[in-house]
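What follows is a set of notes on a single structure, which appears directly below.
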Amino acid sequence: MIPMPSRSYPQRSTIAYSGAFGVLKHRLKQIFESVESLPDEESEGPAFRVHERLTVKYESEKHISLHWRPDPISDMVSDSFVVLVLNISCEIPKVVVKKRPQKLKKKTIRKQKRLSMHFLFLCLERMGNW
């Protein structure tokens, strides 16, 4: 049997997330006991560490990245974080801008009423009930 070198390579995953970075930290604090902010010098932007195993970094307005060493517990923490992000993304309310109907002038409303009354009379006349 050939001996295989046992090395553990750092894991990295990038996730699409467009919400507030502070929301993630708040939600993680509700689930995990240890969530610590990292200094900006160490992480090149906003970042925090979960249980000293998972590092979450703010990459851009639309992405965050996860960094961890491969072991069963770190993998479990990273998997639960991904599920948390997916749940938060589903909870973000969808904002749809609807166009407001233009306010009609009183004269236009009167004309519409007259036309609809005229149409009603024509229909009744054709049916022979008038």
Side-chain angles (χ1 to χ4, degrees):
M1 186 190 287
I2 300 172
M4 297 292 289
S6 61
R7 292 187 183 180
S8 62
Y9 295 99
Q11 302 293 310
R12 177 190 161 103
S13 181
T14 302
I15 303 172
Y17 177 72
S18 58
F21 195 64
V23 171
L24 289 177
K25 186 174 180 181
H26 175 73
R27 293 291 291 271
L28 277 174
K29 284 183 175 182
Q30 293 175 336
I31 298 170
F32 296 105
E33 293 174 1
S34 174
V35 179
E36 303 164 358
S37 294
L38 295 177
D40 286 342
E41 304 88 39
E42 185 179 330
S43 61
E44 300 172 5
F48 51 85
R49 186 165 288 137
V50 180
H51 281 295
E52 298 182 4
R53 295 181 174 272
L54 174 69
T55 303
V56 181
K57 294 182 180 181
Y58 180 80
E59 296 290 333
S60 70
E61 290 181 6
K62 296 184 178 184
H63 295 93
I64 56 174
S65 65
L66 310 176
H67 306 267
W68 72 96
R69 291 272 178 208
D71 65 70
I73 295 175
S74 298
D75 290 341
M76 194 169 35
V77 171
S78 68
D79 290 344
S80 63
F81 181 80
V82 170
V83 170
L84 175 73
V85 170
L86 292 173
N87 284 335
I88 290 173
S89 297
C90 291
E91 291 173 3
I92 295 175
K94 307 291 183 213
V95 178
V96 179
V97 178
K98 293 184 178 180
K99 292 183 180 178
R100 292 184 182 177
Q102 293 179 350
K103 292 185 178 181
L104 299 174
K105 293 181 180 178
K106 289 182 181 180
K107 288 182 181 179
T108 308
I109 294 172
R110 281 190 219 135
K111 284 181 184 177
Q112 287 179 345
K113 285 182 181 178
R114 280 190 223 133
L115 285 174
S116 52
M117 290 298 289
H118 181 69
F119 181 73
L120 176 66
F121 290 141
L122 284 175
C123 289
L124 290 173
E125 221 174 61
R126 287 188 182 162
M127 291 172 49
N129 294 337
W130 184 254

- Are any side-chain N or O atoms of Glu52 and backbone N or O atoms of Val50, one a donor and one an acceptor, separated by less than 3.5 Å? no
- Aromatic ring centroids of Phe81 and Phe32 under 6.0 Å? no
- Message: What's the separation between atom CE in Met76 and atom CZ in Arg53, rounded to the nearest 0.5 Å?
- Response: 8.5 Å
- Identify the two heavy atoms, one from His63 and one from Ala16, that lie closest to each other, and give their separation to 0.1 Å. CD2-CA, 4.1 Å
- Item | Rounded distance [0.5 Å steps], NE2 in His51 versus CD1 in Ile73 | 10.0 Å
- Query: Any side-chain heavy atom of Phe21 within less than 4.5 Å of one from Val56?
  - Reply: yes
- Crowding at CD, Gln30 (>12 non-hydrogen neighbours, <6.0 Å): yes
- Query: From His26 NE2 over to Ile31 CD1, what is the distance, rounded to the nearest 0.5 angstrom?
  - Reply: 10.5 Å
- Message: Using the rule given for side chain to side chain donor-acceptor pair (under 3.5 Å), can you reason through His67 versus Ser65, listing the C-alpha separation, both sets of side-chain angles and the distance that settles it, and then say yes or no?
- Response: CA-CA 7 Å; His67 306 267; Ser65 65; 3.0 Å; yes
- Quick one: do Val23 and Leu54 end up in the same hydrophobic cluster if we chain Ile, Leu, Val, Met, Phe, Trp and Tyr together by side-chain heavy atoms under 4.5 Å apart? yes
- Query: Just wondering, do Tyr58 and Leu24 contact through their side chains at under 4.5 Å, heavy atoms?
  - Reply: no
- Message: To the nearest 0.5 Å, what is the distance between CG on Asp71 and CD on Gln11?
- Response: 10.0 Å
- Query: Which heavy atom of Phe48 sits nearest a heavy atom of Ser37, and at what distance?
  - Reply: CB-CA, 4.0 Å
- Item | Spatial distance of atom CG (Leu28) from atom CG (Leu84) [nearest 0.5 Å] | 5.5 Å
